[in-house]
Structure formats: C-alpha cells, structure tokens
Amino acid sequence: MDYDFQQIEKKWQEYWAKNETFKAENDSDKPKFYTLSMFPYPSGAGLHVGHPLGYIAGDIYARYKKHKGFNVLHPMGYDSFGLPAEQYAIQTGQHPAITTETNINRYREQLDRLGFSFDWSREVRTSNPSYYKWTQWIFIQLFNSWYNKETDKAEAIESLISIFEKEGNTKVNAACDDDVNEFSAKDWKGFSNKERQQVLLKYRLTYLADAEVNWCPALGTVLANDEIVNGVSERGGHPVIRKKMTQWMMRITAYAQRLLDGLDTIDWPQPLKDSQTNWIGRSEGAEVEFRVQSSEFRISVFTTRPDTIFGVSFMTLAPEHELVAKITTAEQKAEVDAYIEATAKRSERDRMADVKTISGTFTGSYAEHPFTKEPVPIWIGDYVLAGYGTGAVMSVPCGDQRDYDFAKHFGIDIPNIFESVDISEEAFADKGNTVIANSDFLNGLPYKKAVKRAIYELEQLGQGQGKINYRLRDAVFSRQRYWGEPFPVYYDVDGMPQMIADEHLPIELPEVEKYLPTETGEPPLGNATDWAWDSEQCSVVSNQLIDNKTVFQLELNTMPGWAGSSQYFNRYMDPKNDEAIYSREAINYWEDVDLYIGGSEHATGHLLYARFWQKFLFDKGIAPKDEFAKKLINQGMITGESAFIRVINRGYYKYPDNISSDEMEERDRIFDSLFNDMLQKRIVSWDLIKSKKLYDAVNGELYNLKEVFNSDYVKEVFENRGFDVDKITFTAWKRHVPVDYVNLKNEIIEAEFTNWYEDDIYSSDLFRTEGKFKVGREVEKMSKSKYNVVNPDAICDDYGADSLRLYEMFLGPLEQSKPWNTAGITGVHSFLKKLWRLYHTGPNNAFHVTDTPPSERSGEAFKTLHKTIKKVEEDIENFSFNTSVSTFMICVNELTAQKCKSKAILEPLAILVSPYAPHIAEELWEKLGHTTSISEAPFPKFDASHLVESSKEYPISFNGKMRFTMELPLDLGKDEIEAAVMAHEKTQAQLQGRTPKKVIVVPGKIVNIVG
RNA sequence: GCCGAAGUGGUGGAAUUGGUAGACACGAUGGAUUCAAAAUCCAUUGCUCACAAGGCGUGCGGGUUCGAUUCCCGCCUUCGGUACCA
C-alpha cells in the first residue's frame, strides 16, 4: 500500500473537525498550557509559505504539550479590520465586510489544509460586533480612569473627582497633560460642568487632544509612527505631513516605567526587549529653569548633562515652542516669523533627508544663567524637537555636537569647561575621562559627582530638579477611516465627549454610501446618514434628528489597527461571553499566554500596546497578570528570491522634429516626473520575464525589451501620471541584450527604448531615450507585488501538508530568516515515504507490524528509539525543530537498516512524529489498532538504560588534530587509556620515535597527545 | 551615527556546557533496476595534490588553552531596527 497523503490528510482533517479533537475546556484537572500564534490580517492574496512557519512551530508545541498531559489552549482568529479591505472598497464600492469575509474563508481553507490543532470553536474576528463590543468596553474603562503616581496604578476617575472636591488638584500626583492649571477645591466647585469635563479630560487615560499628527493626504488619514517608513506611508508610499488635529489619545506614557520594568519579568527575546527599551527611551537628567531677562517668562529645559551647565552659551527653542511669539523682540520679529513659516512648510520627509543643514534664528531676547546670572541669548532652531522634553534646550557647544555645529555656524561663543580637552575641532561628548573646569563649584569633579552637585545646587536655588524623561509619546488613537472599531462616544451640548453606557454596546459600524472622507473633510463616517445618538431612547438614530438636546452627533473617527489586537489573547479564554469580556473563572484558569509566537516587526507596535492594556486591566482587577505572555518567540521570515530589472538611468530624451520648444519643455517635465517615479524601482520581475519567455537561456540573451516596458509597474506609473495606457505602444530598439542569468549579479545593461503614444495631443513618438537597466537578484520578503510568492496549496497538492510542515521546520532555526527554495522538499517527502514503508513490509507492501519485540537486533532498535525520544524532547523544549527533523530521518534510516518491524518500537515512534506530521501519524496509529486519536496518547518516556554503552570509540589527536580512532572500554581509567593508546602502532607511527611532552586523557571524551 | 542579529562546503544548515568540523538534507557525478521515464536503491562528494601520505580549512588579524565554529581583544562584510531624543 502506498503512502496516499491526499486521502490520509483529508480523512484526518475531517476527523479532527468532526470529533472536536482539539477543543479546550475551561476547567480540567490537568495543568493548563496556552499556546498562541499572532492572528493574521486576512489579506486578499491568501497565505504564502512564509505565513505558516510560526503556526507550524506553535502547533508542534501545542500537540507536544497535549501528549505531555497538559490541557492545551491553542486558538486562532483574524485581525480583520484594516486598510486593504477599505482601499478595495474605495476602488470597487464593495463593502469591506464582504471582502473580509471572502478573504477569511480563503484563509480558513488554506489553514485547514495544513492540519493545525486549532480550537476553532474559540475563533475571534476583530471586526465582529460581538468582539469589538469589548474593545469599545475597554476604551470606556480607560476613559473612566486616571493614573495615580502615588499608588502607581490606574484608578477610577471618581477617586480623582473626590480629591478635587476636597483639596483641588495641587497635591495630586497624576499622569496628566502638561498644561493643567492649579485649582483649589473651591475653584472646582465653582467650575461649570463643561469646565470640569475639560479638566478631567487632561487626566483620563484616554483623552482628546490637539495633537500634531502624521497626516497622509493621499490616504486621508492619520498614521502612527510605525506606519511610516522613510517619511512616506508604509502602505502605498504616499507622502506624510505634520498637522494639528483633535484626536483621541492613549496615555501610554503613564506606564512608561512599568513597561520598562516588566521586561525583566518576561522571557522574551533580548533584541525585542532592547527595541522596546529604546522605544520607551528612558533618560535621566534634570529639568532646569532659566528666567527670561526683563520679563516674567521662564524657560524649562531638560538635560542629561546638568554637569555642563557652566558651558551654556545660548539656548535653543523649537520653532513651535509657545514662548517664541512672546519673547521675540520687535527687531527680530520679521526674521523669526519667516523662519517659523519656512520650517512649518518643510515636510517630515524633507527634514529627515536634510539633517545636515543648520538653520535657526535669534529671538532678540536673553535668558539669565541660573548661577552666573550672565545673559544667555535665546535662539530658535529646528534641530530642537517640540515633541521631546520641554521643546527647549540649554545649548552647551563644548559638550554636544549639535550645539557645537550650531554655535560654529552662527558664530556663538564656545566656552570650554573640560579639563585638558581640545574642543577646537569638535565637541567633547564623552562622559568619562575628564573633570569639569571653569565651572565654579563643579571644578575638579568627574561626571557623576558633578551631575549630583549641579542638581543639588539647582534645587537650592529653586530652579531645577532631577528628572527622568521618556522618549515614548502618548499614542494617537483616532483614525479617519471607515473599516475600524467605532468609538462608543457622542458629543453633548457642550461639545464634550460622552461615553455610551456599557449595556448599549456594541455601537455597530454604520453603513455608508462611499468610503472616502466627506467633501468637507470629515472622516468616512461623516457619510453615514444614521449616525446620531438618542440619549433617551439609547439607540443610534438618523442624523436628521440631531437637536443637541437629546440627540447628539456620534464620533466620526474609528480606532486604529492595534485596538483589536490588544485584547484578543484574553478574549480567546472565553470568546462567546456576552455578559463580560470574559468570566472570572476563565481568566483565573488560563491566566496568561505561556508561549506566544509571532514576528519581530510588532516589537514597538502591537507588543507594546498590548502590554500597556494588560497592565491597565491588571490595575483594574480585570486581569490577574500584568504581563500577558510569559514567553515569546519571534519566528524568522521566509524570504523569496527575486530577480528583477531596475531602471538606473533614463538617458536623454529624443523628440520628433516637428514639436515646438514649449511642448518640448512640457514633455520634459512630464517625463522627468515619470522617470523619477521609476528610477531605482524594479520595473519587472525575472519570474515574469521567464514566464513570458523573454529570456533565451541557451544564448543567455534577454530579448524583446518592449515587453519589459509593458510591465504592470510601468503601466501603473504612466497611469498615475494621467496617461491612458491603452494608447501607449511600448517598443525598444535593442531587442537582444546579453545577460548571464546563472551568475546574475547586479549587471548593468543598456538599451534604447521608445514609447509611442496615440491621442489628439501626442499623435507621434512620445519620447525616445537611451536608458540603462540594472539586472539583479535580491532575497526579500515574500509579497504579491514582488512576484516571489510561493503558495502552500501547491505544495500540499504535490507533497502534502505533512511534507510542508516538516520542510518548513527543516529549513533552519525557527528564529532565523531564510530564503524559500522548493527544491529541497523532496528530501522530507521521501523521508515520509520511508517512514510509511517501515510499517508496510508485508506482501504487496501491506501493513505489517509484529507484536513480538525481541529479535536478535532489538537492543539496537531500542537504542535508536530512545536516542530519538531524548533528542526530540530536548529539541522541542528548545524550539530547535529543524534538528528534530534530522533526528527522525536518522531514526528511520537506522530502523530500516535494522529491518525493525516491532510494535514496541514503531508505536512510540508514531507518537514522536505526530506533532510534526500529524496526519501520517494518525493513520499509522489507527492501523496499529487504536480507535482514539493519537493526540490523546502520552508521549513516550525516555529510558536511559537503553543508551548505556560499554565501550567508546576514542578520537586520538596529536596537538589537537584528530588522527585516528580507537575502540576502548568505557570503564577504563585514565592511566589504562593512556597505556592502551601509547601501545597502539598508529601512535608510534605518529610520534616517529619522539617522546610526547604530555598526554591529555579525558575519559569518555578524547585523548590528546602533545608532542 | 546608535542598538541588535548573523558570517561554516556548490546550497539550506548541524556541532546544546571548549573535546572527532561539515550531522541531516538538497544539488552534482557514477552505477543498479527499467523498452523508456518516474519512483526506488547503491557509491562518491569541503578544498588541494595524478593517487596515497600530507597540507589547508568555520569572514579577517591577534590572544588564552593540551585542544577554539564555541571564550577574550581589534577589524571587515551583510541584514534588521532606529535616528537631530538634548
């Protein structure tokens, strides 16, 4: 009987589904184990072979833990809100819910084919109202909380109100906005309701604020920092500008220190912890106050180097700093205004591209040095960021390179306060290796002592104190998109946000006619006709009923992508609960994730936000653990190799003779922009060239470059510039270009190409140019747009899911990224066939396993088996799945050579293999006479007695080089071994009569003779 | 610039605490079987030398050690993250 993987895999997938083999119960006598893989965004492209890598690893671990007697929770779901479905809706008018549903069904089909042990009864989808009901609920919890720095936890907003009523806010130590004014209990009582709400908003853990945000005009939305790559949007590559907007914010900064401290308590990869640490960016230093001369204004600065305070020769404010307008003198006003306008115009991208240019201007005002009382000129400059620290710095040119460059550029003094340090060329930023000089009471002190002393003196003066600053910013929580969670918020008669009561949740996403922002620039929900809240009926009603008495406007923004993914791991514990986010019993049983597997790209996004929410839920007593995942593993990326052609040079344009110079200029402009779009971009993939047979492998020629210019990418570029692509005829003069594909390495090829455009305006050659291409290969992320995607379905058709699972593991260490190469899959596939044959040694390859274990070689077989048990168990515990696949191969090769047919060996072997290749294991298990799933079987117990050896083949080395081996009994002592080795003829041959200086004998390991 | 990861045959990779470098596969070469192909099986396969003996070999240069892919010092390269953070 042959190994019919198609039939076997289908059979067992149906069996698992029908019998709910992997359904987890919320109570059990067994110990719990919660394994989680990051849930996917169901994209239209479907799964590629890179996606399942982490799922397979998680599945192996989950199945292994089940064999080991754990009650395993291994759920899966979908992060189903997101931009692509919305973009598709904008283009086609198709509702994102439909697109999403279609994509999820496709994902599910693909996932099912891989034989995962997911408990699908617990599936969640972030876009389901029954799920986002609880996302909205958490939002309300955050709104109704403030962060008490005294108790170092979130508390109910009521406790803050009662403090305000008793003593005002002067003694409150809370995480809050910078601009809260002090008020007394009496003041509070005198506030109007609106004023009170405004004050409270500055303390809530989610709040409205006018924030400077990354606005992407092309997408019509705000983007988070991690959604921007090199100054353009991650999706689509559109430019991003800075803009002030009223936005919902999350006060994650309240948790900065706890997010940092928590990292010590969890077993996550160090690189990931490092990047979170850097992202949070704690720095210790001091806040120093400078008085502005002849005014009441004071400028606060944050510095990590209070020890260098006597080196201050100017101050710099960010152009956006609120004091700029107030302190600028009349003479300097025009210059300052011009500078502010110029910097505001520069996009984020320009600023980043151009960090070298030093710019700034003098305000005309002076501050007073806290100690020397000398005047310090106040400048503004865009190297100071409004968003970090206080948006102002004390500039110490001798100790900071940026200040140094600025001072040099504008001819400002550079006083030296370092003992015996030359600062004529550059600033001295080294904290050690010198002592402070020319600094009054700091003279002669090294860095650390000087910092302490400076802070002490500032405190005495009442002009500063030690301070810890974080780079982490509060997170913008509003998106101007349709396909996201709606906020459970309406705006009352005062325009203040009001939460909708829990019992009316979820507030479901309304239908809209179009998914773009409205003409007046409101978010897409502004298009909804029924998007008002009737506060008496407690229901969503038509906008026409808005009277701002009982019926109010609902929030038009939606929540960002990370909202839904910040709570899903807990919701899996009790996903169908409609009364609560999850039951007490469920969360007290499962507690937290024991093993979380996912990509490292989420380091500063999802994984930070989810930790923040978890800590909040912990403070509120909603979750029992303040970290949601004990252990985390980053699976590497499976990359694809793609060869492609880039345009590297556009050459020069040639036009037909009969066009005017005006027209020529106009064309130049258009073509320049066209080529700028294409330059350095890959215009066609090699796979496409091959599939279109544009490459002649025999002669090593690339031909018909015309087709190269017919690529979708080029068409898209032309289309984006307003050309009608159907009217363009792409041609190329040079039709045959030699290219050595095999040794292809960034080769430059030259070709002249022409494009012909037919319409009323350009009824002639559009242009002709001699351009250069570069042909090269790169290993990179698999993506549809790169034409390097390998689909798992095709692999399942040809080799089966078990082969795919084994192969993905066999490729290399889980955490390492590695290129996909389908060629090697035959190796694991033939292993499975060999495994199958081991159980099918009867006539006509019929199933044949004997009950009689002791044959003459059974000792060998037991040794092989137990060697394998030991190694596989260790490998799984260490997440070294690639080496267990090798171990299985060795095991099967050995058992085949031993002609092992014994049930006593082959039965445990099936269990060992089952986490990796569950389908074949189930089939063999059934053939062995079992009527229940192999997943119920206990993992074979390792018995060391089978591995006891009586002798060892000792490597005999000379000066560290192994020369030959020698079989010796293991119970031999050091001296006996040495004697035996010295007596060996090969030893004598090696020594050639010389007496060895030394003989190292490590019993059981090695012998080394030093000569 | 800063932070992090990694450099081992033609390829993916193994060597878990310093002890036989290259396990296990892929590919390649030769052979068996077959009318033929697929499949399967056997042999060889780090480099070098005609073979053998030998020599050289884990990015490069040093060091520690009887012994280093592994530990230490100094470089180089590639990839990922981050970037005027005061």
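Note that the structure is predicted; figures quoted are calculated from it, not measured. Residue numbering restarts at 1 for every chain, and letters A, B, ... go by the order of the sequence lines.
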Nearest-angstrom distance, [atom1] atom, [N] to [M]:
N: B/rU11; M: B/rU16; atom1: C1'; value: 25 Å
N: B/rC79; M: B/rC84; atom1: C1'; value: 25 Å
N: B/rC51; M: B/rG7; atom1: C1'; value: 35 Å
N: B/rU64; M: B/rG54; atom1: P; value: 28 Å
N: B/rA5; M: B/rC71; atom1: P; value: 13 Å
N: B/rG22; M: B/rU58; atom1: C1'; value: 9 Å
N: B/rG19; M: B/rU70; atom1: C1'; value: 11 Å
N: B/rG9; M: B/rA14; atom1: C1'; value: 13 Å

**Asked** Can you list the steps and then say if A/Phe810 with A/Ile825 is a side-chain contact (heavy atoms from CB on, under 4.5 Å)?
**Response** CA-CA 9 Å; A/Phe810 191 54; A/Ile825 200 166; over 6 Å; no
**Conformer about C1'-N of B/rG9 - syn within 90° of 0, anti elsewhere** =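 B/rG9: syn.
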Within this structure, what is the [atom1]-to-[atom2] distance between [X] and [N], rounded to whole angstrom?
X: A/Glu815; N: B/rG4; atom1: CD; atom2: P; result: 17 Å
X: A/Asn634; N: B/rG4; atom1: CG; atom2: P; result: 16 Å
X: A/Trp836; N: B/rA39; atom1: CH2; atom2: C1'; result: 17 Å
X: A/Asn469; N: B/rC85; atom1: CG; atom2: P; result: 13 Å
X: A/Asp307; N: B/rA86; atom1: CG; atom2: C1'; result: 13 Å
X: A/Asp382; N: B/rA83; atom1: CG; atom2: P; result: 17 Å
X: A/Phe831; N: B/rA25; atom1: CZ; atom2: P; result: 10 Å
X: A/Ile358; N: B/rA86; atom1: CD1; atom2: P; result: 19 Å

Classify [X] by what it touches in the nucleic acid, base, sugar-phosphate, or nothing, heavy-atom distance under 4.0 Å.
X: A/Arg963; value: sugar-phosphate
X: A/Thr304; value: sugar-phosphate
X: A/Thr277; value: nothing

May I ask which nucleotide in the shown strands pairs with [N], Watson-Crick or G-U wobble, both distances under 3.5 Å?
N: B/rG27; result: B/rU45
N: B/rU40; result: B/rA32
N: B/rU16; result: none
N: B/rC71; result: B/rG63
N: B/rG7; result: B/rC76

[X], nearest nucleotide to its side chain (from [options]):
X: A/Ile890; options: B/rC85, B/rG4, B/rC24; answer: B/rC24
X: A/Asn893; options: B/rA25, B/rA86, B/rG4; answer: B/rA25
X: A/Ser886; options: B/rC84, B/rA23, B/rA25; answer: B/rA23

Where does the angle between the aromatic ring planes of [X] and [Y] fall among parallel (under 30°), tilted (30 to 60°) and perpendicular (over 60°)?
X: A/Tyr799; Y: A/His829; value: perpendicular
X: A/Phe879; Y: A/Phe881; value: perpendicular
X: A/Trp379; Y: A/Phe410; value: tilted

**Complete:** Protein-proximity profile, nucleotides 9-22 of chain B, B/S/- by nucleotide at the 4.0 Å heavy-atom cutoff, equals ---BSS-B--BBS-
**Message:** Looking at B/rU82, I'd like to know if its phosphate oxygens (OP1 or OP2) sit under 4.0 Å from a side-chain N or O belonging to A/Arg471.
**Reply:**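 For B/rU82, OP1/OP2 do not have a side-chain N/O of A/Arg471 under 4.0 Å.
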**Request:** Using a cut-off of strictly less than 4.0 Å, decide whether A/Lys833 has a side-chain nitrogen or oxygen near OP1 or OP2 of B/rU40.
**Result:**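 For B/rU40, OP1/OP2 do have a side-chain N/O of A/Lys833 under 4.0 Å.
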**Item:** Between A/Asp474 and A/Thr253: side-chain donor-acceptor atoms closer than 3.5 Å
**Value:**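 Result is yes, a qualifying pair exists.
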**Request:** Select from A/Thr303 and A/Ser830 the residue whose nearest nucleotide in RNA chain B is closer to the 5' end of that strand.
**Result:**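 It is A/Ser830, whose closest nucleotide lies nearer the 5' terminus.
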[X] side-chain N/O to [Y] backbone N/O, donor-acceptor pair under 3.5 Å:
X: A/Ser313; Y: A/Asp413; result: yes
X: A/Thr303; Y: A/Arg305; result: yes
X: A/Tyr404; Y: A/Ile423; result: yes

**Item:** side chain to side chain donor-acceptor pair (under 3.5 Å) between A/Ser359 and A/Tyr339, intermediate numbers included
**Value:** CA-CA 9 Å; A/Ser359 72; A/Tyr339 182 70; 2.7 Å; yes
**Request:** Look at atom NZ of A/Lys867 and say whether more than 12 heavy atoms of other residues, nucleotides or ligands are closer to it than 6.0 Å.
**Result:**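 Buried by this count: over 12 neighbours within 6.0 Å.
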